[in-house]
Number of protein chains: 2
Amino acid sequence: MAAQFTVHGRLWIEGPDGSILGHGRVELLEQIEALGSLSAAAGALDMSYRYAWKLVKSMNEHSDTPLLKLNAGGRGGGHATLTEAGKAAVAAYRRTDREFEQFLADQTDKLPG
Amino acid sequence: MAAQFTVHGRLWIEGPDGSILGHGRVELLEQIEALGSLSAAAGALDMSYRYAWKLVKSMNEHSDTPLLKLNAGGRGGGHATLTEAGKAAVAAYRRTDREFEQFLADQTDKLPG
DNA sequence: TTGCGTTATGCATACCTGTGCATTACGATA
DNA sequence: TATCGTAATGCACAGGTATGCATAACGCAA
């Protein structure tokens with residue numbers, strides 16, 4: 001029997017400085033790490049470059065230590081890289097998110113018929 | 001030591017018919033049950049009557065069995081009551097939500113430094 | 001049958017999120 | 001120094017969410 005009703009949710013981590021790290025931002029950071037470019041990362045996520053740039057701007061503004069470094073110009077036009085703080089933040093979120101997925105599945109099973 | 005970072009989230013239940021029951025709708029249903037009036041419930045939640053009415057409309061439209069019954073006119077001008085299905089839905093959501101709160105607290109504790 | 005307060009609903013509006021387009025700034029390398 | 005593709009940023013706009021105002025429909029009770 002497939003479950004009639006399903007439990008869904010969204011998860012994010014808030015820092016003392018008001019920073020917010022949720023699903024969208026983490027995916028963006030991961031793509032940046034993988035592709036080395038903000039514009040490529042935005043494209044891979046079907047997200048507008050305009051908005052992706054706004055996200056990283058707010059991330060870096062709100063965090064004590066920046067999560068990533070953007071470089072305009074240079075070889076290939078520019079590039080983007082995660083800082084150690086950025087990599088750590090992504091890892092922490094992923095750990096929490098994995099347990100969250102499990103939680104949602106468990107709760108869906110617990111729902112009445 | 002208080003936690004520097006905290007885990008937050010939102011939770012909702014989706015039905016096979018596309019119905020959605022989240023925090024806001026559940027609070028509205030609870031207030032309706034307590035106060036017996038949609039207009040009073042909206043007021044108690046600092047929500048516009050206009051929007052509260054739209055919420056219950058979409059809830060009843062998407063659910064096979066309506067979650068509540070609205071009556072215009074009559075003694076006192078009208079009144080609103082939860083159906084049995086509505087009460088059951090609220091109870092199911094609250095059960096899940098209680099465990100979710102616990103989950104968030106646990107995950108916050110697990111976060112690094 | 002009139003009055004009352006509630007439900008019912010349209011219309012205009014504001015905010016937030018996210019898109020799309022256009023243009024400029026940048027800087028290593030050829 | 002000229003080139004090239006990326007980062008940086010302004011402006012206009014669309015869609016969802018939520019508000020506020022105005023007005024009609026409703027139906028029991030006095």
Side-chain angles (χ1 to χ4, degrees), chain A residues 8-12 14 18-29 31-63 66-83 86, chain B residues 8-12 14 18-29 31-63 66-83 86:
Chain A
H8 296 77
R10 291 194 176 283
L11 200 74
W12 66 91
E14 291 186 13
S19 61
I20 292 182
L21 192 63
H23 188 261
R25 286 158 147 92
V26 165
E27 274 205 318
L28 184 59
L29 290 178
Q31 288 297 321
I32 289 172
E33 187 177 20
L35 302 174
S37 146
L38 176 54
S39 125
L45 295 173
D46 283 318
M47 179 188 293
S48 67
Y49 173 84
R50 190 72 185 73
Y51 188 63
W53 178 82
K54 273 192 177 179
L55 284 184
V56 307
K57 184 189 175 192
S58 92
M59 276 193 269
N60 278 342
E61 273 175 0
H62 285 94
S63 220
L67 301 184
L68 44 75
K69 181 93 197 308
L70 300 180
N71 301 80
R75 174 213 46 177
H79 57 106
T81 52
L82 287 204
T83 62
Chain B
H8 297 77
R10 291 194 176 283
L11 199 75
W12 66 92
E14 291 186 12
S19 61
I20 292 181
L21 192 64
H23 188 262
R25 288 164 206 252
V26 166
E27 275 205 316
L28 183 59
L29 291 178
Q31 288 297 322
I32 289 173
E33 187 177 20
L35 303 174
S37 146
L38 176 54
S39 124
L45 295 173
D46 281 318
M47 180 188 294
S48 67
Y49 174 83
R50 189 72 185 73
Y51 187 63
W53 177 82
K54 273 194 177 179
L55 284 184
V56 307
K57 184 188 174 193
S58 92
M59 276 194 267
N60 278 343
E61 273 176 358
H62 284 93
S63 222
L67 301 185
L68 44 75
K69 181 95 199 308
L70 299 181
N71 300 80
R75 175 212 46 179
H79 57 107
T81 51
L82 285 204
T83 63

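Residue numbers start from 1 in every chain, and the chains themselves are labelled A, B, ... in the order their sequence lines are given, proteins ahead of strands. These numbers were taken from a predicted model, which means no experiment stands behind them.
One interatomic measurement links the two molecules: CZ of A:Arg50 to C1' of C:dA22, which rounds to 11 Å at whole-angstrom precision. We find that CH2 of B:Trp12 is positioned 12 Å from P of D:dT17, with the value rounded to whole Å. Atom C1' of nucleotide C:dT17 and atom CZ of A:Arg25 are separated by 11 Å, given to the nearest angstrom. Taking atom CG on B:Leu35 and atom C1' on C:dG5, their separation rounds to 15 Å, with Å as the unit. The distance between atom CZ of A:Arg10 and atom C1' of C:dT17, rounded to the nearest whole Å, is 12 Å. Residue B:Lys57 contributes atom NZ, which lies 14 Å from atom P of D:dT17 at whole-angstrom precision. What separates CG of B:Asn60 from C1' of C:dT7 is a distance of 13 Å, to the nearest Å. The nearest whole Å value for the distance from the CD atom in B:Gln31 to the C1' atom in C:dT6 is 17 Å.
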Worked verdict on B:Leu68 versus B:Leu38 for side chain to side chain contact (heavy atoms under 4.5 Å, CB included): CA-CA 10 Å; B:Leu68 44 75; B:Leu38 176 54; over 6 Å; no
Side chain to side chain contact (heavy atoms under 4.5 Å, CB included) evaluation trace for B:His62 with B:Ser58: CA-CA 6 Å; B:His62 284 93; B:Ser58 92; 4.2 Å; yes
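Residues from residues 66-74 of chain A placing a heavy atom under 4.0 Å of any atom in DNA chain C, listed by number, are A:Ala72, A:Gly73, A:Gly74. Within a heavy-atom distance below 4.0 Å of DNA chain D, the residues of residues 38-49 of chain A found are A:Leu38, A:Ser39, A:Tyr49.
Not one side-chain nitrogen or oxygen of B:Trp53 sits closer than 4.0 Å to the OP1 or OP2 atom of C:dT7.
Rounding to the nearest 0.5 angstrom, the gap separating the CG atom in A:Asn71 from the OG atom in A:Ser37 is 11.5 Å. To the nearest 0.5 Å, the span separating NZ on B:Lys54 from OH on B:Tyr49 amounts to 13.0 Å. Residue A:Leu11 holds its CG atom at 10.0 Å from NE2 of A:His23, rounded to the nearest 0.5 Å. Between the NE2 atom of A:His79 and the OG atom of A:Ser39 there is a distance of 13.5 Å, given to the nearest 0.5 Å. If you take OG on A:Ser48 and CG on A:Leu55, they are separated by 8.5 Å, rounding to the nearest 0.5 Å. Between the NE2 atom in B:His8 and the CD atom in A:Glu14 there is a gap of 4.0 Å [rounded to 0.5 Å].
Sequence order on DNA chain D of the closest nucleotides to B:Arg75 and A:Gly76 puts A:Gly76 first from the 5' end. Positionally, the nearest nucleotide of DNA chain C for B:Gly78 lies more toward the 5' end than for the other of B:Gly78 and B:Lys54.
Among the candidates A:Thr81, A:Val56, A:Leu67, the single residue satisfying the side chain to side chain contact (heavy atoms under 4.5 Å, CB included) test with A:Ile32 is A:Val56.
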